[in-house]
Every structure is written in structure tokens, then in C-alpha cells.
2 protein chains.
Amino acid sequence: MNYLTYLSVFDKLTKSQQDALTSAAFVRKFRKSEILHNGSQDCTGLILVLSGQIRAFTISDDGREITMYRLFERDICLFSAACIMNSIQFDITITAEKDAEVLVIPSEVYKSVMEVSAPLANYTNEVMASRFSDVMWLIDQVMWKSFDKRLAGFLLNEANIEGTNTLKITHETIGNHLGSPREVVTRMLKYFVNERLISLSRGTIEIIDKSGLEKITD
Amino acid sequence: MNYLTYLSVFDKLTKSQQDALTSAAFVRKFRKSEILHNGSQDCTGLILVLSGQIRAFTISDDGREITMYRLFERDICLFSAACIMNSIQFDITITAEKDAEVLVIPSEVYKSVMEVSAPLANYTNEVMASRFSDVMWLIDQVMWKSFDKRLAGFLLNEANIEGTNTLKITHETIGNHLGSPREVVTRMLKYFVNERLISLSRGTIEIIDKSGLEKITD
């Protein structure tokens, strides 16, 4: 099984380009919370998620975090190969949010094919535009949406990803996703409890009124 | 004078690609405040700024604005040709911040060359990565920087762009750049007056202590 066929562009490459990518690519496993890439480290390579869940986030000077986007099976992580483009002037950290298996395409090989292949360069463009759209959505959220809307949306999204209304997640982790202090998360969760939207117990948040949360996000 | 030679990639295109772009491109003038492009309108084309100043911003549902980035002479505006990429899923509005002259490369012509030219596709990648970096900087600002830092930084940047310490700009316009209500801008400007960093008169902000403002931004 050549996982590179997951890339929709793969059959538009020449045989020798396909071979170059195939022979350079390798599978790597990451444990939950392991770092795949961080801004200051060397250029890992392009990452294709085979299984698990990946989180891309930025960190402030004093260690606060906010999630930029998350990647799931068959998603591509471009910024772990940031060195392939000169104009990427920002640091992003990428970790495994769950145990993950990924295909790594080393940066220099990917870059050398991209330089001569219009299809691969255009494909890369589309991947970047897609992440750009994620980040524009984030700006819209942090600029104009009140925190209750963002938190309700986050809980619904988590329930959707996990396929359960019982979320095992700490208030601090939620804060790191949303770029907010833990106390702010705790206060708003308690407000949701009073409104009978959720219930809290040790390390668990139970969604009890999904449509109530949905009403808040509107 | 073929303005397309401003594109660093131009001499890496074939003669016929150069000709296709050259014969399709045309110069347009925009008056200050005129809209070059907005998210819901048709796909204007790629814009190369020849003179003047361009502003790209987003608007909230209730009409509030925040500046994403600004473009000056020889900068490229990619998102005025958003239709060349499927994955651009956000709306951006682009206006002339000062009277501007731009070269428009119609989207369909640019796209048709980009589809077959690895150099042009890679060039487009670099332009997008550069705008992506601007937007990541913006997230860093709005998430982690207090408003006094952002406002001081904005005033210093304006003085730098205009080449003067006397800025003719309204509090509302500043608010639209920074995504903040006018009253918040006015309050902070008055604080800066008390600190003897600036002085205010009708429609004008005078920077009187540049290094004081710089100290705030640190």
C-alpha cells in the first residue's frame, strides 16, 4: 500500500517524481502529546496523517497557547515543512493530540519535485489556502465572537469528533485550544451548568442540552 | 514599460506565457476609499500595486472591521483573485487607502498559466505564504498583546509609512484597522496624551515622544 496515493495529486506526477517521493517517504508513530514539529526545530517534512489526530497551535512569549487547526486522517500538514517556502515567517507547533501514525515526506525531496511540477505546486497552494481559511475563521472567532459562543462551539465540535457527549478534557486544555486562561473557562462552564446545558464531574464534561448549546453558537 | 517585469518570476516563464499575461493585463486607477474587491463580488484578478496604498480587511456580521495587511508599490494582492484557488473559503475586502494605480491580471489568464507553470505556481505559493505570515502576526497581536501596545505600534507604523509625526487620521479609522470600537481608541489616546506621548487636535494626532511609544510596544 503506497500511502502517497492518498494525495489527490499523486497520479498527475511523472513516474520518476512518484518514485522520488515514494522512496523518500517513511511512516512514523507519535504518542499522544508528542511534538511532531515546533517552530524553532529543523524542518521535519510534509506530514500526511494516516491515523490519529494532530493539533497545530501557536504559543505566546509567556507560554499561552491557541489552536490554529486540527488534522485528521488523510489531512496534510504543510507547516511541518515550513522550510520549503522562504516566505513562511512564523512559528507553529504541531503535536499529536491522540496517538498518531503519519507519513513523512522529507522537505528537500518534496521541494525538489514541487519546484519542477506545476501540479504539485498547485496542490501545495490548495493545501495552504485551506489552512489559511482555517486561520481566517479563527480571526473571525477571536475578534467578533463572545467567549460563550466560542466555548459552546468548541464543546459541540469535541462531541462531534469524539462521537460522545461525555468529554474527558480538562479546563486547562480547553483554555489552550481557545487561547483563554483556565479560570475564564471554568467560570463559563459553571454558567453553562447553571443554564442546565452541561454537567461537570471530575475531569469530565457531560453535554446534557445539545440544542441549547447550538442556540448559543448562533 | 511592461510592469509585469516587476514580478520576480516573470523571466522564468516561457515567451508564450509572458505574452499571454502581458496582453491580458491592464492598468486601473482607484480613488482613495474605492473598493477594489470584496468577498462577495466576482473575481477581479491578481493585482500588482504600481503606486498608492491598498488595504485588505475583513468585516464582522455587524460591520466592524480589522485590517489584515496593507500593500504598497510592487506588492501583489492574491486574494482579489481568490477564485483561482478552490480552497480559499473566506471573504476579504480590499480598498484603496490612498489613490492607487494597479496592474490587473485577469484571474482566468493567471490561472491558466499557473496550472502549467511550476515557477508561477511556486511564486504564487510564496505570495500566499507571505500573506499567511501577516495574518499569523495579526493573531499574535490580537491574542496576546494588550491594546496599548497595539495602538502604540500602529501609530509608529503610520508615522513610518507617512514619513511624518503628524498623523491625519480619525479615531474611527484607527478602530477599523485594529478591530476596536472608536471609544476604546479615544480612551487610550487620551491616556497617551496624559503620558505626554502624543498630543491631539481636530483630526490630527501628533507624536511627541517616539521613544516613549516604542517603549510601550516592547
Side-chain angles (χ1 to χ4, degrees), chain A residues 8 12 17 39 56-68 76 78-79 82-92 111-145 178-180 218, chain B residues 8 12 17 39 56-68 76 78-79 82-92 111-145 178-180 218:
Chain A
S8 59
K12 293 187 195 119
Q17 290 166 347
F57 59 101
T58 57
I59 310 180
S60 71
D61 295 339
D62 56 351
R64 288 176 293 172
E65 301 179 2
I66 182 168
T67 299
M68 294 288 126
I76 300 280
L78 186 60
F79 295 120
C83 61
I84 63 171
M85 264 169 267
N86 303 321
S87 309
I88 295 179
Q89 304 288 344
F90 55 88
D91 287 349
I92 212 159
K111 188 180 183 179
S112 70
V113 176
M114 189 175 79
E115 271 170 358
V116 294
S117 164
L120 191 62
N122 280 298
Y123 176 77
T124 310
N125 255 322
E126 290 288 347
V127 172
M128 183 151 48
S130 175
R131 293 298 98 74
F132 205 123
S133 302
D134 292 339
V135 170
M136 290 298 289
W137 178 86
L138 178 64
I139 287 187
D140 187 68
Q141 292 282 310
V142 299
M143 286 306 300
W144 318 122
K145 298 279 186 290
L178 300 178
S180 305
D218 283 345
Chain B
S8 59
K12 293 188 196 118
Q17 289 166 348
F57 59 101
T58 57
I59 310 181
S60 72
D61 295 340
D62 55 353
R64 287 176 292 173
E65 301 179 2
I66 183 167
T67 299
M68 293 289 125
I76 300 279
L78 186 61
F79 296 121
C83 60
I84 64 173
M85 263 169 266
N86 302 321
S87 309
I88 294 180
Q89 303 287 343
F90 55 88
D91 288 349
I92 213 160
K111 188 179 182 179
S112 70
V113 177
M114 188 175 80
E115 271 169 357
V116 295
S117 165
L120 191 62
N122 281 297
Y123 176 78
T124 310
N125 255 322
E126 290 287 347
V127 172
M128 184 152 47
S130 175
R131 292 300 98 75
F132 205 123
S133 302
D134 292 339
V135 170
M136 291 296 290
W137 178 87
L138 179 64
I139 287 186
D140 188 67
Q141 291 283 310
V142 301
M143 285 307 300
W144 319 122
K145 297 280 185 290
L178 299 179
S180 304
D218 283 345

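Because the structure is predicted, anything quoted here is derived from the model rather than measured.
Using a 4.5 Å cut-off on side-chain heavy atoms (C-beta onward), W144(B) and D61(A) make no contact. Between M114(A) and N125(B), the closest side-chain pair of non-hydrogen atoms falls below 4.5 Å.
Rounded to the nearest 0.5 angstrom, S60(A) OG and K145(B) NZ are separated by 8.0 Å. A distance of 9.5 Å separates CZ in F90(A) from CD1 in I139(B), rounded to the nearest 0.5 Å. Here CE of M85(A) is found 12.0 Å from OG of S130(B). Values are rounded to the nearest 0.5 Å.
Chosen from T58(A), I66(A), V127(A), the residue pairing most often with chain B at heavy-atom distances under 4.5 Å is I66(A). In terms of non-hydrogen atom pairs under 4.5 Å with chain B, the most contact-rich of R64(A), M143(A), R131(A) is R64(A). When L120(B), I88(B), N86(B), V116(B) are compared by the number of non-hydrogen pairs under 4.5 Å with chain A, N86(B) comes out ahead. For chain A, the option among E126(B), E115(B), M68(B) with the highest count of heavy-atom pairs below 4.5 Å is E126(B). Here A129(A) is the residue among A129(A), S180(A), A82(A) with the most heavy-atom pairs under 4.5 Å with chain B.
Only the side chain of V142(A) comes within contact range of chain B, with at least one heavy atom under 4.5 Å from a heavy atom of that chain. Only the backbone of S117(A) has a heavy atom closer than 4.5 Å to any heavy atom of chain B. If you measure heavy-atom distances from Q141(A) to chain B, you find no contacts under 4.5 Å at all. Only the side chain of M136(A) comes within contact range of chain B, judged by heavy atoms closer than 4.5 Å. For L138(A), the part sitting under 4.5 Å from any heavy atom of chain B is the side chain, from C-beta outward, and nothing else.
The backbone N or O of Q89(A) sits less than 3.5 Å from a side-chain atom of S133(B), completing a donor-acceptor pair. Not a single donor-acceptor pair under 3.5 Å links the side chain of N122(B) to the backbone N or O of A121(A).
The aromatic rings of F132(A) and F132(B) stand perpendicular to each other, their planes meeting at an angle above 60°, with 30° marking the opposite boundary.
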